[in-house]
Amino acid sequence: MTEAVIEAEGLTRRLAGEVTVTLVEDATLAVHQGEFVAITGASGSGKSSLLYLLGLLDRPTSGQIWLRGDETSTLEEDTLADLRLAEVGFVFQFHFLLPEFSALENVMLPMQRLGRLQQPEIGARATELLDRLGLAGEAGKLPRQLSGGQSQRVAIARALANDPLLILADEPTGNLDTVASANVQRILMDLARDYGRAVVVVTHDRDFAAAADRVIVMSDGKIRSSA
Amino acid sequence: MIGLMPVIALKHLLARRRQSLVSLSGIVLGVAFFLAVSSLMQGSENDFIRRLVDNSPHVTIQDEFRNPRLQPVEQLYPSGAIEVRRVKPLTETRGIRGYPQILEGLRSQPALRASPVLAGQALVSFAGKDIAVSLNGMIPAEVNDVSTIQNYMIAGSVDALTGNPDGIILGDALARKLSLALGENVTVTAPTGVVHTFKILGIFHTGRADYDNTQTFADLKRVQALLKRVNRANTIIMKLDDPHRAHAVAEGIERRFGYKSVSWQEANEDLMSTLTTRNIIMYTVVSAVLIVAAFGIYNVISTVVLEKQRDIAILKSMGFRARDIRRIFLIQGLLLGFVGSALGLPFGAGLMLGLMQIRLKFPGGSDPVPLPMDWNWPQFAIAAAFAMGAALCAGLLPARKAAGVQPVDILRGAQ
């Protein structure tokens with residue numbers, strides 16, 4: 001078995017209030033390099049909440065998360081932000097591209113923030129990523145000039161910009177037509193199989209889930225099965 | 001190369017071009033009016049102080065002591081157990097003792113001109129009218145060194161006193177009251193009962209009614225004789241090359257000679273504090289203009305923060321830190337402040353030029369003069385700094401709010 005990119009043990013996330021809401025309860029899982037994992041379940045079962053916890057975007061009420069073997073629960077917000085920048089790539093149901101920036105600029109943003117590459121290298125890598133995702137001619141277009149499928153592919157390119165180990169996708173095909181959906185599905189699976197990324201996808205699409213290496217089924221915030 | 005955060009900030013502002021322009025014009029107008037009004041006020045203050053400095057002695061030694069002199073026993077035993085009460089001080093003849101020696105000491109100092117004055121009350125009589133005046137005895141050859149009275153002469157000259165010790169110079173208001181003209185004789189009676197006839201050698205007009213009505217100038221020796229105070233002077237007036245040293249110089253003289261020495265700042269303390277109060281009021285009013293403009297900036301940035309909640313969440317999910325987000329919105333405030341200042345300063349300078357075209361005739365002045373404006377760089381710097389500060393403060397709250405956005409809350413709501 002390859003090294004676990006992300007591991008979680010006993011993850012629980014509750015929202016405090018007049019009535020305490022449990023989003024995720026006692027979730028334990030590990031996702032390895034090159035593994036493609038699908039999380040399914042009914043709406044409100046805690047799939048997205050688990051994804052945000054795994055992506056270090058939210059803090060668990062209890063439990064621990066290890067990213068490449070390093071425990072993250074005691075880390076400060078800035079350190080978590082740095083880890084997200086370098087190691088995690090998010091893709092959401094809606095593309096969430098910044099509307100004032102072109103496709104190319106959107107892909108360049110994470111690299112510019114990380115500052116690992118010089119500006120010409122950043123431009124070259126962003127262009128290469130867009131090319132790889134079939135968007136060679138769309139680099140200069142603003143998000144409003146792109147179709148839903150194209151925008152989602154730009155969002156995937158942006159998630160890949162800093163070459164992260166972990167790709168987290170929250171219903172990435174939920175807003176796309178069949179053709180665009182199949183295209184995005186293929187790209188995400190290729191990322192795991194051909195490029196060795198750990199990919200976790202939250203999806204309602206049974207066919208998409210069936211194609212995954214492993215399917216985690218959730219209900220009421222708990223992991224009911226993992227196979 | 002421009003950093004990433006300024007680029008994002010600029011794109012946000014350009015995306016809301018109309019609102020950004022409205023808030024920008026607020027800052028431009030605010031800076032322009034701040035600059036024009038503060039320059040006008042500072043200019044008039046400088047003009048006022050210049051007139052004050054020019055027209056009054058920079059330091060005046062008076063024939064009195066700031067604090068009563070201590071009795072010898074008090075000097076010898078400052079913490080003695082016995083207190084001496086009801087000691088009547090020795091009656092002294094009024095006047096500065098040994099004023100020639102003091103003058104000698106003063107004249108040895110560089111950048112300082114000093115001259116003795118014996119001032120006293122007298123009655124000027126002509127054609128059956130008697131008017132009380134202040135008679136100033138001065139050394140004619142030194143008058144122009146320590147006084148600007150020559151600048152206000154409308155007839156005759158101060159120098160004429162040098163050749164005629166029986167001459168007198170008086171104000172035009174007094175001359176008018178007594179129907180006197182240059183070259184005419186006037187009778188002056190001292191409180192001592194001595195009467196002397198003077199010839200009018202000069203008439204001045206300062207524009208200050210009190211001064212033009214009551215002040216007269218004559219030869220020191222003649223006034224000493226008239227007041228029966230031979231070899232006495234009760235004031236020494238001084239002019240310095242650097243009037244702003246007056247306070248320190250006065251302190252030094254008082255320490256050295258004991259007599260009360262008053263600088264022009266001390267003599268006009270009430271006017272100076274009025275100027276300070278006026279400045280506080282002026283800066284409060286013109287600052288209010290910029291503060292209102294800053295609310296415009298606050299409004300724009302707050303709207304951007306509200307509209308960009310989802311983008312902020314995405315940037316944070318990408319790995320942007322809270323401080324990066326804060327910086328983006330602070331930069332927006334600063335950008336509006338900077339551009340507002342850059343456009344507002346030339347606009348303000350234009351307003352200043354416009355104001356300078358207005359000419360007013362001040363009381364006592366013979367010709368209309370332009371409004372005094374202060375064109376020095378600190379006025380421009382203060383206006384720009386205040387605008388930048390106001391813009392930064394306006395960006396602060398929305399920036400903090402943006403930095404505190406919890407991405408998960410926004411993303412959950414957006415799904």
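The shown structure was predicted, so the numbers you read here are calculated from the model rather than taken from an experiment. Order of the sequence lines fixes the chain letters, A, B, ..., with proteins taken first and strands second; residue numbering starts at 1 for each chain. Only this structure's heavy atoms are used, side chains among them; waters, hydrogens and symmetry mates stay out.
- Looking at A/Leu53, there are no atoms closer than 4.5 Å to chain B (heavy atoms on both sides), in backbone or side chain.
- Taking the six-membered ring where tryptophan is involved, the planes of B/Phe386 and B/Phe34 are essentially parallel, since the angle between them stays under 30° and well short of 60°.
- With 3.5 Å as the limit, one finds no donor-acceptor pair spanning the side chains of A/Glu171 and A/Thr173.
- Between B/Asp324 and A/Arg113 there is a salt bridge, with a side-chain nitrogen of the basic residue lying less than 4.0 Å from a carboxylate oxygen of the acidic one.
- Residue contact with chain A, scored on non-hydrogen atoms closer than 4.5 Å, is absent for B/Leu14.
- Donor-acceptor pairing under 3.5 Å is recorded for the side chains of A/Asp170 and A/Ser48.
- Ring geometry for B/Phe295 versus B/Tyr298: interplanar angle over 60°, hence perpendicular rather than tilted (30 to 60°).
- The pair A/Glu77-A/Arg59 counts as a salt bridge, with a side-chain nitrogen and a carboxylate oxygen less than 4.0 angstrom apart.
- Contacts between A/Leu109 and chain B at a heavy-atom distance below 4.5 Å involve backbone atoms as well as side-chain atoms.
- Within residues 99-107 of chain A, the residues having any heavy atom less than 4.5 Å from a heavy atom of chain B are, in residue-number order, A/Pro99, A/Glu100, A/Phe101, A/Glu105.
- A salt bridge links A/Arg132 with A/Glu128: the distance from a Lys NZ or Arg NE/NH1/NH2 to an Asp or Glu carboxylate oxygen falls below 4.0 Å.
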